[in-house]
Amino acid sequence: MEAHLYIQNGKTVYEPVVQGSITWETQRSGQPGKCTFTLIPDNILNIEEGNALRLDVDGTPVFFGFIFERSWNSNGQVKVTAYDQLRYLKNKDSYNYVDLTAGDLIKMIAGDYNLNVGELEDTGEKLTRNEKDKSLFDIIKNNLDLTMIKKKKIFVFYDDAGKLALKDVENMKLNVVIDNKTALDYDYKISIDSNTYNQIKLYRDDKNTQKREVFLTKSTENINRWGILQKDESIDEGADGQSIAENYLNLYNRPSRSLSIKDAFGDIRVRAGCILPVIMDTNDIELKNFLLVETVTHKIDTGTHTMDLTLRGANIYG
């Protein structure tokens, strides 16, 4: 495997010498892709924050972003952190939009913030929403979450080496098998400490009547087992509160299960949002199905490439 880093400052393009591993991290939702590495500075290299950075692996660009941070250690080595253009979706803004799909919304925001757009699959769900003082990430996420509830489909929003992309998760399957041979170690956990709710309380404030409308549903059986674990959330005007509450209860009324894979054989095609076949015995359950990649960190060193994964899916959720 050959990995090359290129940094452009003005009209000059550098290919710096890297000390140790290059890491490339992606998360399925709400965070930009991140590339970090350590440089050995010399008298020629002249880089600064905002410079464009590209990571090529075996001749294919896999990451394109911008330097956001540099830090020095006592040996004079420089750690560099770059994010892809999703980083700019942490900006906050207000949008009042009518009859837009997630792709339409992404195009509109990308136009306002000078972001590049690539392939955006049609979700088939047009929504009308008033989003006020929220991060651009949250504005897009809210559209995708409602689309998931209505269409029963998960769409993955990511940056594809410099272009915003949106894809049906079913179109992101890879034949990269994770099993006890390809993964050096794993961590499996069952918990009701997070993302587990047995009572859902949604509400909507009526501006005209000045009254609050409440939609409540619960699982008495699991409240008796675990105590009350409530999810409390406001909903928009016109939303079917009871239906959303029932969907939330169906989604969250169970212990969360998480599976983290350590130092699996690396495959640069794997990004957050991909679906991989997993065949493992965790001592609690025996997995033999496809799981969704929530996060992945590629670690690329001279001659070696491994990746750490967190996964969810059938029997694994959290």
Side-chain angles (χ1 to χ4, degrees), residues 25-32 34 86 89-90 102 134-135 137-158 169-170 172 178 186-203 214-236 239-262 271-276 278 280 282-287 289-297 308-318:
E25 306 172 38
T26 56
Q27 300 187 32
R28 188 175 65 84
S29 178
Q31 291 294 329
K34 179 180 177 182
L86 293 182
L89 298 183
K90 289 189 174 184
K134 293 178 181 175
S135 74
F137 261 133
D138 284 340
I139 292 171
I140 294 170
K141 181 178 180 296
N142 288 341
N143 187 300
L144 291 173
D145 285 349
L146 288 172
T147 297
M148 180 182 68
I149 290 171
K150 293 186 177 183
K151 291 290 187 180
K152 311 295 183 191
K153 281 186 171 185
I154 296 175
F155 285 85
V156 181
F157 175 50
Y158 61 99
V169 73
E170 291 298 322
M172 296 185 71
I178 302 297
Y186 71 86
D187 180 40
Y188 172 73
K189 182 170 66 176
I190 306 174
S191 172
I192 60 169
D193 195 33
S194 65
N195 287 328
T196 296
Y197 303 101
N198 48 31
Q199 180 164 296
I200 309 297
K201 182 181 178 183
L202 305 181
Y203 61 90
V214 176
F215 306 90
L216 182 71
T217 187
K218 61 185 177 181
S219 166
T220 303
E221 179 184 356
N222 280 344
I223 287 176
N224 290 336
R225 293 171 64 193
W226 306 330
I228 295 177
L229 300 172
Q230 179 171 284
K231 182 178 179 65
D232 184 86
E233 192 173 283
S234 66
I235 58 173
D236 291 336
D240 186 345
Q242 198 59 43
S243 175
I244 294 174
E246 297 293 342
N247 282 331
Y248 276 167
L249 187 65
N250 185 51
L251 186 64
Y252 294 114
N253 182 35
R254 54 194 174 186
S256 64
R257 288 177 163 84
S258 61
L259 176 64
S260 300
I261 304 295
K262 309 290 185 184
R271 66 162 55 250
C274 287
I275 296 178
L276 308 179
V278 178
M280 295 187 74
T282 68
N283 293 313
D284 177 61
I285 56 174
E286 191 169 341
L287 297 170
N289 46 282
F290 283 90
L291 295 181
L292 175 66
V293 178
E294 280 290 327
T295 69
V296 56
T297 299
D308 296 339
L309 306 161
T310 55
L311 303 163
R312 64 177 294 188
N315 298 319
I316 300 291
Y317 32 79

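Hydrogens, waters and symmetry mates are skipped; everything else that's a heavy atom, side chains included, is used.
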Under 3.5 Å donor-acceptor pairs involving side-chain atoms of residues 149-156, not counting sequence neighbours:
{"from": "Lys151", "atom 1": "NZ", "to": "Gly124", "atom 2": "O", "distance (Å)": "3.3"}
{"from": "Lys152", "atom 1": "NZ", "to": "Ile149", "atom 2": "O", "distance (Å)": "3.4"}

| query | Hey, does Asn247 have a side-chain heavy atom less than 4.5 Å from the side chain of Ser243? | reply | yes
I'd like to check the side chain to side chain contact (heavy atoms under 4.5 Å, CB included) partners of [X]; sequence neighbours left out, ordered by chain and number.
X	result
Leu249	Ile200, Thr217, Asn253
Leu216	Gln199, Lys201
Thr196	Ile192, Trp226, Leu229, Ser256
Asp187	Ser260

| Results of ring pair (Phe, Tyr, Trp, His ring centres under 6.0 Å) for Tyr197 - residues two or more places apart only |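 In terms of ring pair (Phe, Tyr, Trp, His ring centres under 6.0 Å), with neighbours along the sequence ignored, Tyr197 is linked to Tyr252.
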| remark: The complete set of salt bridge (charged side-chain N to carboxylate O under 4.0 Å, His left out) pairs with one or both residues in residues 217-231, sequence neighbours excluded, reads Lys231-Glu233
| task | Using the salt bridge (charged side-chain N to carboxylate O under 4.0 Å, His left out) rule, collect all pairs that involve residues 241-253, keeping only residues at least two apart or in two chains. | result |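 For residues 241-253, and leaving out neighbouring residues, there are no salt bridge (charged side-chain N to carboxylate O under 4.0 Å, His left out) pairs at all.
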My understanding is that only residues two or more places apart in sequence, or in another chain, count here; which of them pass side-chain hydrogen bond (donor to acceptor under 3.5 Å, both in side chains) with [X]?
X	answer
Asn143	Tyr97, Thr147
Lys141	Asp145
Ser191	none
Ser29	none

